[in-house]
Amino acid sequence: MSNAKSRIDNPWQFARSKVVDILEKVTQLDRESIADNLETPPDSSLGDFATTLAFGLAKEKKKNPAKIAEDIAKEISELSKTEALLTAVKQKGPYINFYLSRGELADLTVKSVLTMETAYGNSDEYKGLRALIESPAVNPSKPWHIGHARNAVIGDTLANMLEAVGYAVLRMDYINDLGLQIAQLVWKLKDAEGPESNEKYDHYLGRLYVGVNETFESNERVEEQVREVSRRLEDLKSKEAKRSDKMVSDCVEAQSQTAYRLNIYHDYHIWESMIAYSGLLEQAKEMMLKCDNIFIPDEGDKKDCVIADLTAIDEFKDMKEPNKVLFRSDGTRTYTGADVAFQMWKFGIIEDPFTYSLFEEQPNDKPVYRTKFGGKKHDLGKVNLVFNVIGSGQAHPQRLVYSIMDLLGYHEQAKNSHHVAYEFVGLEEADFSGRKGTWRGYSCDDVLDKARELAKKEVSKRNPDESDAFKNHVAEQIGTGAVRYRLLNASPDRRITFRWEDALDFNGDAAPYLQYSCARASRILERAVEDESADLSLLNTNEEFALVKAIARFPEEVLGVIQGMTKQVWGTSFSTNRMTAYCYNLATLFSRFYDSCPVLKSEPDFRAARLQLVQAFRITMSNCLRLLGIPVVERM
RNA sequence: GGGCGCGUAGUCUAGCAUGGAUAAGGCGCCAGCCUUCGAAGUUGGAGGCCCCAGGUUCGAAUCCUGGCGCGCCCGCCA
């Protein structure tokens, strides 16, 4: 990246490169090791960058690190006088601390943001690459509970962030319309009373299912009837199949209402029935059997099954059963078999046999398509990366799928298959279970409703004269934000215990605090008169400088989270919490600035400069909130 | 039996990848700040064997080894 370019779209990186330049000249070390030893001091009074190079050199030269630091610092302080971005270099013990020019950084940063506007924070680092994300894949037999929302929100935020760094993203949902639950519900639906008035269809099915499952487990005759339904579902022209399609479709429509409230949209819904009956599996099976380690034994307990021999793979050699069945002896697929085929489809290894039709127009004005027999062919194009957002309990099966891909010779695709893992959301006394119905009272709709209700109370208190429509609108935005933020702010590898008092706490480290900082900034800006020119070097109080630095760091923070996604044995880490932490910190620094630096009431020169800073803040915060899928609120 | 994750003030968490200066926040508690751009805010305070024991290192919440506690995973199931 050229200096001129990074100067505009990544001010912090630009500033750091200046420090590296100088250290390079003085120490003659390579840039990489200099950058590795450059850190942020624990306290801003100790400067903006610090190098620990003296520790390493001390060992080499067998000298006191503090002495070495002193020598280097002496040399640097001469050189640094030619660099406008630096004001001071001070040695403290073994550390050498660099102080940036507050005015210069403010000028550089604010101008960057005002030039880039909504694109500030974005980069074209990964331009030309395409990614596919599968999330959240909730069974179409019940409403989303708050745990499903965690998946959906992680998937959506990942999609936003990938787009910000240049990827083209395909947002995909998987609809399992062939599970046992579906057969049970189709059986039940025949003589069930319809939904109660005002009852959402997904809630209705969820309620039915709890009852059905109890009958199913205690009654053999029912079990036999459900199996019969299951068989008939395979005939796509059957009454049952048509009823099932309608039921699932209605359920997905209802679940989508919940997704929309969370700002979550998709491009495609892939139904399991399409995977099962489009010929995809047969094609996949044929391709798999060409691989030496995948075969059909003629004897033993796996006779006539298609199995993958995993003993060749080191990490699975301790498995109880290293022969993984992909297709059963009766020719039907196992979950793993279907998952491998589906993963092959995602990468375009198998030519797309699916046909599609419009499912609905979403509130974001974009269409979402579903797979449908008799629909049209679509060209989804090749993707480079696939992210499956799935609970961490699926780590082992996911790795199996990727390893089998590798076994099949698709090394690149195996490497580029990512299981974005997260822990479940639970209650203090139980986990969420569709069978037991423990989700009741904790559906995503319930949580969003309560959040909205509480938000409306607060909004009404502060805006008694506003219309009801205004209050409802803002309350919904605050509710959505609060729920999304809670789910993203927890590290994905940590289990969340759901508690109402946490979910509905609008103070402190929570979304309304972020939205509030934006609203305050908006208040100032709407009262200001346009003033083109401003001397940004006047921005040099502690509070202004801290805010400027945080704004400057935004592009690097976005990139850092994406580049920090590393593949581990248990899945691929995606630190949503790092992004929320950045955002919260940014809001905190604005609040401090707000309290200590009057804008509209200060002298004209300061006023002009501060107005631009407020503008830069609002742009940055809005961009950050957009990545997180949290609505930007103008007034609350 | 084997594998993976988690363990940090009363409580909920961040920091651990790549070791570095006084362990950072929220909630709760105590005490201040609205005749100055919105108090969903802000300033200060109390509160800690960073699960335990060893080891590596000039330096460990962070890395290594061995424990302990909690959760999850290892089917021709779904």
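Numbers restart at 1 for each chain; the letters A, B, ... are given by sequence-line order, proteins then strands.
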Of the nucleotides [options], which one has an atom closest to the side chain of [X]?
X        : options                : answer
A/Val325 : B/rC76, B/rC37, B/rG25 : B/rC76
A/Val599 : B/rC37, B/rA14, B/rC76 : B/rC37
A/Met636 : B/rC58, B/rA21, B/rA40 : B/rA40
A/Pro42  : B/rA21, B/rU36, B/rG5  : B/rA21
A/Asp505 : B/rC27, B/rG26, B/rA40 : B/rC27
A/Asp431 : B/rA78, B/rC72, B/rC73 : B/rC72
A/Thr588 : B/rA21, B/rG38, B/rU42 : B/rU42
A/Arg328 : B/rC27, B/rG20, B/rC77 : B/rC77
A/Ala519 : B/rG15, B/rG38, B/rA78 : B/rG38
A/Ser591 : B/rU42, B/rG20, B/rC72 : B/rU42

Check whether any side-chain nitrogen or oxygen of [X] sits under 4.0 Å from OP1 or OP2 of [N], and answer yes or no.
X        : N      : value
A/Arg520 : B/rA39 : yes
A/Arg399 : B/rC74 : no
A/Arg527 : B/rG38 : yes
A/Arg499 : B/rC27 : no
A/Tyr513 : B/rU42 : yes
A/Asn37  : B/rG20 : no
A/Asn507 : B/rG41 : yes

Is the [X] to [Y] ring centre distance short of 6.0 Å?
X        : Y        : value
A/Phe432 : A/Phe424 : no
A/Tyr174 : A/Phe342 : yes
A/Phe55  : A/Tyr95  : yes

Any strand: nucleotide that pairs with [N] via Watson-Crick or wobble, under 3.5 Å:
N      : result
B/rA14 : none
B/rC63 : B/rG55
B/rA23 : none
B/rC70 : B/rG5

query = Would you say A/Tyr335 stacks on B/rA78, if stacking means ring centres under 5.5 Å apart and planes within less than 30 degrees?
reply = yes
Does A/Tyr594 stack onto the base of B/rG41, taking stacking as ring centres under 5.5 Å apart and planes under 30° apart?
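Base of B/rG41: not stacked against A/Tyr594.
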- Query: A/Cys305 or A/Ala395: which one's nearest nucleotide on RNA chain B is closer to the 5' end?
  - Reply: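 The residue whose closest nucleotide sits nearer the 5' end is A/Ala395.
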Q.
Using heavy-atom distances to pick each residue's nearest nucleotide on RNA chain B, tell me which of A/Ser575 and A/Asp509 is more 5'.
A.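 Taking each residue's closest nucleotide, the earlier one in sequence belongs to A/Ser575.
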Determine whether any donor atom in the side chain of [X] lies under 3.5 Å from an acceptor atom in the base of [N], or the reverse, and answer yes or no.
X        : N      : value
A/Asn585 : B/rA14 : no
A/Arg462 : B/rA40 : yes
A/Arg523 : B/rG38 : yes
A/Thr334 : B/rC76 : no

To the nearest Å, how far apart are [X] [atom1] and [N] [atom2]?
X        : N      : atom1 : atom2 : result
A/Asn176 : B/rA78 : CG    : C1'   : 9 Å
A/Leu310 : B/rG75 : CG    : C1'   : 14 Å
A/Arg592 : B/rG41 : CZ    : P     : 13 Å
A/Ile524 : B/rG41 : CD1   : P     : 16 Å
A/Glu634 : B/rA40 : CD    : P     : 18 Å
A/Asn64  : B/rC58 : CG    : P     : 14 Å
A/Asp595 : B/rG38 : CG    : P     : 12 Å
A/Glu39  : B/rG59 : CD    : C1'   : 12 Å

With sugar-phosphate meaning primed atoms plus P, OP1 and OP2, does A/Tyr584 contact a base, only sugar-phosphate, or nothing at under 4.0 Å between heavy atoms?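 Result for A/Tyr584 = sugar-phosphate.
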What contact category does A/Lys457 fall into here, base, sugar-phosphate, or nothing, at under 4.0 angstrom with non-hydrogen atoms?
nothing
> Does some side-chain heavy atom of A/Tyr209 sit less than 4.5 Å from a side-chain heavy atom of A/Ser141?
Replying inline: no
Which way is the base of B/rC50 turned, syn or anti, if we draw the line at 90° from 0?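 Nucleotide B/rC50 adopts anti.
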Check your understanding: Is there a donor-acceptor pair closer than 3.5 Å between any side-chain N or O of A/Asp304 and the backbone N or O of A/Asp298?
Key -> no
Classify the side-chain pair A/Ser33/A/Asp30 by whether it contains a donor and acceptor separated by less than 3.5 Å.
yes
TODO: Count the heavy atoms of every other residue, nucleotide or ligand shown that sit under 6.0 Å from CD of A/Glu220, and state whether that count exceeds 12.
DONE: no
Check: Between A/Glu453 and A/Lys450, is there a side-chain N and carboxylate O pair less than 4.0 Å apart?
Finding: no
